[in-house]
Amino acid sequence: MIIKKVFRVFDNLFFSREDAEAILSGWEHKEKLYVQYAVLEESKIELIAEGVNYGIPAEEVTVYSNEKDALHDLKECF
């Protein structure tokens, strides 16, 4: 398990700000881009189809608003 900084758009998480902004730019309704921290398995990857990065559904991982809380929870798991 690792802690990874992610960028949240709606209910999808992205590993890079550029990918998150690309998805956001395609939506008519604009949403804020949130920076969060996810605790996930090292093998977890973003869904990329036909060259478009759709990210990771937020419900598939545990997300935190700050790195300190993510680290605390990760330490409690072990």
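The model shown is predicted, which means the values in this text are computed figures rather than measured ones.
Of all the heavy atoms in Ser25 and Ala22, the pair that sits closest is OG-O, 2.8 Å. Contact detail for Ala70 and Ile3: the closest heavy-atom pair is C-CD1, 3.7 Å. Nearest heavy-atom pair, Phe15 versus Glu46, reported as atom, atom and distance to 0.1 Å: N-OE2, 2.7 Å. Across all non-hydrogen atoms, the minimal contact from Ala20 to Leu33 is CB-CD1, 3.4 Å.
There is a path of hydrophobic side-chain contacts, each under 4.5 Å, that joins Tyr54 to Phe7. Phe14 and Ile56 fall into different hydrophobic clusters, where Ile, Leu, Val, Met, Phe, Trp and Tyr residues are linked whenever their side-chain heavy atoms come under 4.5 Å apart, directly or through other members. Follow the hydrophobic side-chain contacts under 4.5 Å out from Ile48 and you never reach Ile23; the two are in separate clusters. Grouping the Ile, Leu, Val, Met, Phe, Trp and Tyr side chains by contacts below 4.5 angstrom, directly or via other members, places Tyr34 apart from Phe10. At a threshold of 4.5 Å between side-chain heavy atoms, the hydrophobic network of Ile, Leu, Val, Met, Phe, Trp and Tyr places Tyr37 and Leu71 in one connected group.
Within a 6.0 Å radius of CD in Glu59, more than 12 heavy atoms belonging to other residues, nucleotides or ligands are found.
Note that CD1 of Ile45 is 10.0 Å distant from CG of Asn53, once rounded to the nearest 0.5 Å. A distance of 11.0 Å separates CG in Leu24 from CZ in Arg17, rounded to the nearest 0.5 Å.
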Step by step, would you call Glu60 with Leu40 a side-chain contact (heavy atoms from CB on, under 4.5 Å)? CA-CA 9 Å; Glu60 291 184 8; Leu40 44 90; over 6 Å; no

